[in-house]
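These numbers come from a predicted model, not from an experiment.
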Amino acid sequence: AVRVWDLRGPARALREERKSSIAKRRESASFRHEAEGYALAWAADGRLATGDNTGRVSLFALEPAARSVTWRATTSAVEDVAWSPTESTV
């Protein structure tokens, strides 16, 4: 499972060197993978790409509503994914 939390508040507290109380936070979104995977890359616009050991690549969008699409990219494990710095869809 891929779980996503909004950590803007805790990150702001770290930047401002404030003590922050530990509170249980609800995740912003949760996505399931069929197989174990390690590849993960965030796009500048907030999309998340992941790859798993069965050759599947998944693309997740959090806004305006959590949704995903998955396809088989290869017959071997996907060990790394990356976004193009100049093309928003690559």
- Task: Begin from the C-alpha positions of Val78 and Tyr38 and carry the test side-chain contact (heavy atoms from CB on, under 4.5 Å) through to its verdict.
- Result: CA-CA 8 Å; Val78 176; Tyr38 303 102; over 6 Å; no

- Note on the structure: Closest heavy-atom pair, Ala49 versus Trp83, reported as atoms and distance to 0.1 Å, is CB-CZ2, 3.7 Å

- Pairing residues for Asp80 by the salt bridge (charged side-chain N to carboxylate O under 4.0 Å, His left out) criterion, not counting sequence neighbours: none

- Item | For Thr86, all residues meeting side-chain hydrogen bond (donor to acceptor under 3.5 Å, both in side chains), sequence neighbours excluded | Ser84

- Message: Quick check: do Leu48 and Leu40 have side-chain heavy atoms less than 4.5 Å from each other?
- Response: yes

- Query: Do any N or O atoms from the side chain of Asp45 and from the backbone of Arg47 form a donor-acceptor pair under 3.5 angstrom?
  - Reply: yes

- Roughly how far apart are Thr50 OG1 and Arg56 CZ, rounded to 0.5 Å? 11.5 Å

- Heavy-atom closest pair (Asp52 atom, Ala35 atom, distance to 0.1 Å) is CB-O, 3.8 Å

